[in-house]
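These notes are about the structure you will find just below.
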Amino acid sequence: SFNFTYDVNTTKILLGKMKVHNGIIFCNLPRVKNNKTEEKEPTFLQLNEKEEKIKWPNEAMNNISGCSHFLSVVDFDFGDENNIYILDEGDVGLKCPIKLYEYNITNNEQLQSITILERNSSNQNISLNNFVIDTINDYIYISYYNNISNNGSIKRELGFISKKLKDNDSLASIIDLYDLNDIKYLYDAKYSFRKSKNIVVEINKLKANIALSCDGKYLFFSPLASRMIFSILTEDIRKGNITKNMINEAYKHDLASAMITGNLRSLYFVGVENKKLYTEGQIDNDLSIFDYKGFDVREDKSMNWVTAMSIDNGYLYINSIKSVKNQTTGKGRLKTTIYRVFIDIFNTTIKNEKSYIYKCSGLEFVWSLNAYIIWLLCVIILFIISIFVHYGNQQDKE
């Protein structure tokens with residue numbers, strides 16, 4: 001467990017995530033825009049057992065002094081060669097783009113800095129949620145959401161940003177699911193998180209968690225306020241044109257605040273309503289045999305709002321957050337509420353599974369309708385052959 005103390009203006013800490021790599025804990029703290037008092041606060045940390053918060057990879061990268069430094073880290077993930085990918089949301093006022101940094105964890109060396117999307121007035125309100133790295137096709141896929149006011153009406157965007165990584169000159173592609181004219185891809189209107197227990201700010205329900213299949217063929221996404229899960233071919237995302245008939249769907253029986261996949265084709269997600277960890281083993285890419293009744297379910301009632309998960313050395317680590325009002329200072333307009341934020345990390349064994357980024361290994365075979373048909377034909381053929389063999393033996397005896 002770790003705890004942080006912040007005033008009401010810095011509750012963006014609730015969007016922070018903790019993940020574990022080789023037993024080392026990393027944490028991102030997205031900065032609150034236009035808050036000068038927070039400019040000196042770090043946005044990416046390494047934490048040790050003594051709860052010491054170490055600015056990572058160094059203090060200079062965490063100081064706001066131009067577009068070549070961290071401005072506000074919104075998510076991060078680990079590669080398969082002891083490297084780490086760090087996604088920074090940039091800043092419109094400073095005209096700093098959305099960037100992806102890659103570092104070597106051993107020596108803190110920066111390996112590359114990739115511009116994902118330039119920040120301007122047209123996308124100034126875009127909020128990034130999480131991302132996945134497609135090492136097979138050399139792409140990054142980022143989930144985003146946006147509320148756009150237009151003549152009194154509000155357009156709610158939710159979609160994906162994709163970009164080829166090794167081609168820094170390539171343009172990012174943006175897919176807006178709002179254009180499909182079906183609200184189920186965005187959220188279920190009956191769900192609201194305004195009064196969520198142990199959360200001091202309203203959770204924006206216009207979010208989507210994403211996960212990538214270990215073969216890089218499908219992207220799974222689940223809106224925060226929805227009991228559905230969807231999948232799309234990454235090939236279609238890279239082409240930049242999505243229609244309804246390209247999207248598969250299944251019912252997962254709970255809202256999900258975090259989701260991740262492993263290299264043995266397992267999908268893990270944490271339910272908001274029941275505070276349970278659900279596992280769908282050998283998930284098929286098109287969700288054709290996805291069945292919530294067959295989930296492996298584990299739970300811990302002390303878990304609160306889960307923001308992230310990570311896989312490390314056969315364990316699944318779950319990042320849970322809660323906040324408690326600590327004190328109130330000042331009066332009138334100078335009144336400030338101080339909150340203490342607790343971040344807990346739970347873990348559970350998942351045998352020898354690794355992150356999806358290691359690509360698929362073991363248990364490569366996935367049961368599907370075609371597989372059942374082929375095996376049935378094999379059994380019928382063997383049965384017919386055995387009949388002929390038995391009949392032939394009888395003829396030989398006679």
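The analysis underlying the following values was restricted to heavy atoms, covering all of them including side chains, and did not include hydrogens, waters or symmetry mates.
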Just verifying a value: how many Å separate [X] [atom1] and [Y] [atom2], rounded to the nearest 0.5 Å?
{"X": "I210", "Y": "I142", "atom1": "CD1", "atom2": "CD1", "answer": "8.0 Å"}
{"X": "I283", "Y": "R265", "atom1": "CD1", "atom2": "CZ", "answer": "10.5 Å"}
{"X": "I311", "Y": "Y358", "atom1": "CD1", "atom2": "OH", "answer": "10.5 Å"}
{"X": "I175", "Y": "Y144", "atom1": "CD1", "atom2": "OH", "answer": "9.0 Å"}
{"X": "F383", "Y": "I385", "atom1": "CZ", "atom2": "CD1", "answer": "12.0 Å"}
{"X": "I114", "Y": "Y85", "atom1": "CD1", "atom2": "OH", "answer": "8.0 Å"}

Hey, does the side chain of [X] reach the backbone of [Y] with a donor-acceptor pair shorter than 3.5 angstrom?
{"X": "N62", "Y": "F44", "value": "yes"}
{"X": "Q112", "Y": "Y101", "value": "no"}
{"X": "K99", "Y": "C67", "value": "yes"}
{"X": "R298", "Y": "T279", "value": "no"}
{"X": "D236", "Y": "I242", "value": "no"}
{"X": "N22", "Y": "I24", "value": "no"}
{"X": "N319", "Y": "M18", "value": "yes"}
{"X": "D284", "Y": "L287", "value": "yes"}
{"X": "N28", "Y": "K17", "value": "yes"}
{"X": "S320", "Y": "M303", "value": "no"}

Assign the ring pair F269 / Y278 to parallel, tilted or perpendicular, where the plane angle (0 to 90°) is split at 30° and 60°.
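Because their plane-to-plane angle is under 30°, the rings of F269 and Y278 count as parallel.
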
Step by step, would you call S231 with N248 a side-chain hydrogen bond (donor to acceptor under 3.5 Å, both in side chains)?
CA-CA 5 Å; S231 66; N248 306 306; 3.3 Å; yes

Verify whether one side chain among [X] and [Y] offers a donor that lies under 3.5 Å from an acceptor in the other.
{"X": "R227", "Y": "Y191", "result": "yes"}
{"X": "R31", "Y": "T43", "result": "no"}
{"X": "H21", "Y": "N82", "result": "yes"}

Which pair of non-hydrogen atoms, one from [X] and one from [Y], has the smallest distance, and what is that distance?
{"X": "V73", "Y": "D88", "result": "N-OD2, 3.8 Å"}
{"X": "N123", "Y": "L117", "result": "ND2-CD2, 3.8 Å"}
{"X": "L264", "Y": "Q282", "result": "O-NE2, 3.1 Å"}
{"X": "F131", "Y": "D77", "result": "CZ-N, 3.7 Å"}
{"X": "V20", "Y": "F78", "result": "O-CE1, 3.7 Å"}
{"X": "L186", "Y": "P223", "result": "O-CB, 3.1 Å"}

Might you work through the side-chain hydrogen bond (donor to acceptor under 3.5 Å, both in side chains) test for E102 and N83, ending with a clear yes or no?
CA-CA 7 Å; E102 183 182 3; N83 57 333; 2.6 Å; yes

Output yes when R238 and D134 qualify as a salt bridge under the 4.0 Å nitrogen-oxygen rule, no when they do not.
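A salt bridge links R238 with D134.
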
Any salt bridge between E249 and K184, counting N to O under 4.0 Å?
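Yes, this pair counts.
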
So, applying side chain to side chain contact (heavy atoms under 4.5 Å, CB included) with W56, which one of F76, F70, Y103 is it?
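Of F76, F70, Y103, side chain to side chain contact (heavy atoms under 4.5 Å, CB included) with W56 is met by Y103 alone.
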
Min side-chain heavy-atom separation M246-T243 under 4.5 Å
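Result yes, sub-4.5 Å side-chain heavy-atom pair found.
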
Any side-chain heavy-atom pair of L45 and F26 under 4.5 Å:
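L45 vs F26: side chains apart.
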
side-chain hydrogen bond (donor to acceptor under 3.5 Å, both in side chains) for D254 and N274? Distances and angles first, verdict last.
CA-CA 7 Å; D254 203 341; N274 300 311; 3.2 Å; yes

Exercise answer: donor-acceptor pairs, residues 212-222 side-chain atoms, under 3.5 Å, sequence neighbours excluded:
from	atom 1	to	atom 2	distance (Å)
S213	OG	D215	OD1	2.6
S213	OG	K217	N	3.3
S213	OG	Y218	N	3.0
S213	OG	Y218	O	3.2
D215	OD1	K217	N	3.0
D215	OD2	N285	ND2	3.0
S222	OG	M228	O	3.0
S222	OG	K252	NZ	2.9

Trace of the ring-ring contact (aromatic ring centres under 6.0 Å, His included) decision for Y185 with F230
CA-CA 8 Å; Y185 299 123; F230 305 93; 5.1 Å; yes

For F290 and F295, I'd like to know if the aromatic rings sit close, meaning centre-to-centre distance below 6.0 Å.
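Close enough - the centres of the two rings lie under 6.0 Å apart.
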
Do the numbers put K322 on top of the ring of F342, so that NZ or CZ is under 6.0 Å from the six-membered ring centre and no more than 45° off the axis?
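That pair qualifies as a cation-pi contact.
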
Checking side-chain hydrogen bond (donor to acceptor under 3.5 Å, both in side chains) for the pair K207/S143: CA distance, chi angles, key distance, verdict?
CA-CA 8 Å; K207 288 183 180 181; S143 65; over 6 Å; no

